[in-house]
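Okay, so here's the structure we're looking at.
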Amino acid sequence: MPKTYQIRTFGCQMNVHDSERLAGLLEDAGYAPATGDVSPDVVVFNTCAVRENADNKLYGTLGHLAPAKTANPDMQIAVGGCLAQKDQKEIVRRAPWVDVVFGTHNLGSLPVLLERARHNQEAQVELLDSLETFPSTLPAKRDSAYSGWVSVSVGCNNTCTFCIVPSLRGKEKDRRPGDVLAEVQALVDQGVLEVTLLGQNVNSYGVEFGDRLAFGKLLRATGAIEGLERVRFTSPHPKDFTDDVIAAMAETPNVCHSLHMPLQSGSDRLLKEMRRSYRSAKYLSILDKVREAMPDAAITTDIIVGFPGETEEDFQATLDVVRQSRFTNAFTFQYSKRPGTPAASLPDQLPKKVVQERFDRLVELQEAMALELNQEQVGREVEVLVATGEGKRDAETLRLSGRARDGRLVHFTPGDARVRPGDVVETVVTYGAPHYVVADGPLISHRRTRAGDQSEAGVKPKTPGTALGLPSFGAPAPLPTAEVGCGVR
């Protein structure tokens, strides 16, 4: 029987995609995903280090696994990702039952490290200071039959004072456009309808090969792939956002009119302290250009509340920009002090009570704004790519869920139609809430897709990678039958 694995993922979209790579590596090495209540032979934690409580969450979870490890010493526990890159040997010191620690730069080493730990019967800690191989050269077992992540770059060249990511992910490394497009094509060939181009800062793509307009060109080229219905990207940076990208979004039919544009703060003084390299007027001018080119664009953002030294005046500036920006959604965060970042040593760290009160006011404003915008959708037709896991109450409400082209979450009533994840429906919005819209009327149309067929059959795409000489388990494949030739006697 093959050894089984389970991957637990924390953090951002990049980590989710890295976990697909880890799954692909393990399956190529002979492991199988764990199913049911059976304890896996290998548990992999793909960690995040952005939030202050990330450490406590990981070590608490590892503590809960200690009894299972004692009961089954053959079970292996591996820790990777950003927190592993940060804490390194500290993980094994605090949780000596961990077998493998690997970093963000050597995902491909996991199967080898597991085998080495098993053979040597001691923990293996291997963390590289720079990228060993671009992650997309590794095999990937995809999570979805209808939507896929495609990395255009890894790492980041920015120096935001609150962010620990550049020190853990390294400097930006760009893939060649042909490699990106080949991966997109491979996904489309397996029925995928939607791809999201992924990078720490996608619109600085091309910095390595000297083409400042490379990302706009990549959007247009991706949009030309036949059978690909939706193209998204995340996350851009306002300082690198150029007019040619707006034009590519507006002029390429399958590029969705949804944009995630991190703001972080509306205070110019704090933006300078954060080293964000733009000011509120520049930010708002970008949104004006986007909406002039695409009046139906839905714009989302990230905002930090309680950055060191934030005054009430600074916070009011953030509220002012939020009012003017009219975001359909905002991912709001209370500032989290991260050791190793410049902001961690700044004076005037704010009391929790002050940060919480401002955070609550921001959430109240944003939810009122989002409610108004979503209520404006009532009566409009929307095209929905049906998804799994988007509607927590779908079973009790007899609805299904998915995303509209602008990224809005739509809960809809399928009626008698046998709608599957990966299918595409058209319906009319009947109700708007702050975080979603509802369409409870009859469907206008229902298009069955190959992605829906694959989803119904439980088949998920797998993209191959470069062979790395990884160990495998179980009986070896039979050798090919020899034929008479110059090398055979």
Return yes if some donor-acceptor pair links the side-chain N/O of [X] with the main-chain N/O of [Y] below 3.5 Å, else return no.
{"X": "T341", "Y": "C163", "answer": "no"}
{"X": "S345", "Y": "P342", "answer": "yes"}
{"X": "N329", "Y": "H435", "answer": "no"}
{"X": "S285", "Y": "K282", "answer": "yes"}
{"X": "R21", "Y": "L138", "answer": "yes"}
{"X": "R230", "Y": "C256", "answer": "no"}
{"X": "T252", "Y": "N254", "answer": "no"}
{"X": "N15", "Y": "T47", "answer": "yes"}
{"X": "N157", "Y": "E172", "answer": "yes"}
{"X": "R142", "Y": "L187", "answer": "no"}

Less than 4.0 angstrom from a charged side-chain N to a carboxylate O is my criterion; do [X] and [Y] meet it?
{"X": "K217", "Y": "D211", "answer": "yes"}
{"X": "R403", "Y": "E194", "answer": "no"}
{"X": "D240", "Y": "R212", "answer": "no"}
{"X": "E20", "Y": "K460", "answer": "no"}
{"X": "E183", "Y": "R175", "answer": "yes"}
{"X": "R169", "Y": "D18", "answer": "yes"}
{"X": "R361", "Y": "E312", "answer": "yes"}

- Report the residue from L219, L218, L213, L197 that forms a side-chain contact (heavy atoms from CB on, under 4.5 Å) with Y205.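 For Y205, the side-chain contact (heavy atoms from CB on, under 4.5 Å) test succeeds with only one of L219, L218, L213, L197, which is L218.
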- Message: Apply side chain to side chain contact (heavy atoms under 4.5 Å, CB included) to residues I444 and T427 and explain how you reach the verdict.
- Response: CA-CA 5 Å; I444 297 172; T427 186; 5.5 Å; no
Is a side-chain donor-acceptor pair under 3.5 Å present for [Y] with [X]?
{"X": "S401", "Y": "D394", "answer": "yes"}
{"X": "T413", "Y": "D440", "answer": "yes"}
{"X": "R408", "Y": "T328", "answer": "no"}
{"X": "T332", "Y": "Q366", "answer": "no"}
{"X": "Q356", "Y": "D360", "answer": "yes"}
{"X": "D296", "Y": "H257", "answer": "yes"}

- Of R275, K239, R276, which is the lone residue that meets side-chain hydrogen bond (donor to acceptor under 3.5 Å, both in side chains) with N158? K239
For the student: nearest non-hydrogen atoms of [X] and [Y], plus distance:
{"X": "Q85", "Y": "H105", "value": "NE2-CD2, 3.7 Å"}
{"X": "L385", "Y": "G422", "value": "CD1-O, 3.7 Å"}
{"X": "F102", "Y": "L127", "value": "C-CD2, 4.0 Å"}
{"X": "D406", "Y": "R232", "value": "C-NH1, 4.1 Å"}
{"X": "P421", "Y": "T388", "value": "CG-CG2, 3.2 Å"}
{"X": "V321", "Y": "S280", "value": "CG2-CB, 4.0 Å"}

- Does the side chain to side chain contact (heavy atoms under 4.5 Å, CB included) test come out yes or no for R269 and T311, once each step is laid out? CA-CA 10 Å; R269 187 184 73 82; T311 65; 4.2 Å; yes
- Query: Is there a side chain to side chain contact (heavy atoms under 4.5 Å, CB included) between F315 and V354 once you walk through the steps?
  - Reply: CA-CA 11 Å; F315 180 65; V354 172; over 6 Å; no
- Do other residues, nucleotides or ligands put more than 12 heavy atoms under 6.0 Å from E376 CD?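 Result for CD/E376: enclosed.
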- Message: Other residues, nucleotides and ligands only: do more than 12 of their heavy atoms fall within 6.0 Å of NZ on K173?
- Response: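 Count not over threshold, so no.
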- Query: Can we call the ring centroids of Y278 and F241 under 6.0 Å apart?
  - Reply: no
- Message: Angle between ring planes, Y431 versus Y436, binned at 30° and 60°: parallel, tilted or perpendicular?
- Response: tilted
- Message: Could you walk me through whether M369 and F327 satisfy the side chain to side chain contact (heavy atoms under 4.5 Å, CB included) test, starting with their C-alpha distance in whole Å, then the side-chain angles of each, then the deciding distance to 0.1 Å, before giving a yes or no?
- Response: CA-CA 7 Å; M369 188 84 62; F327 300 117; over 6 Å; no
- Under a 4.5 Å cut-off applied to non-hydrogen side-chain atoms, are I304 and S265 in contact?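 No, every pair of side-chain atoms sits at 4.5 Å or beyond.
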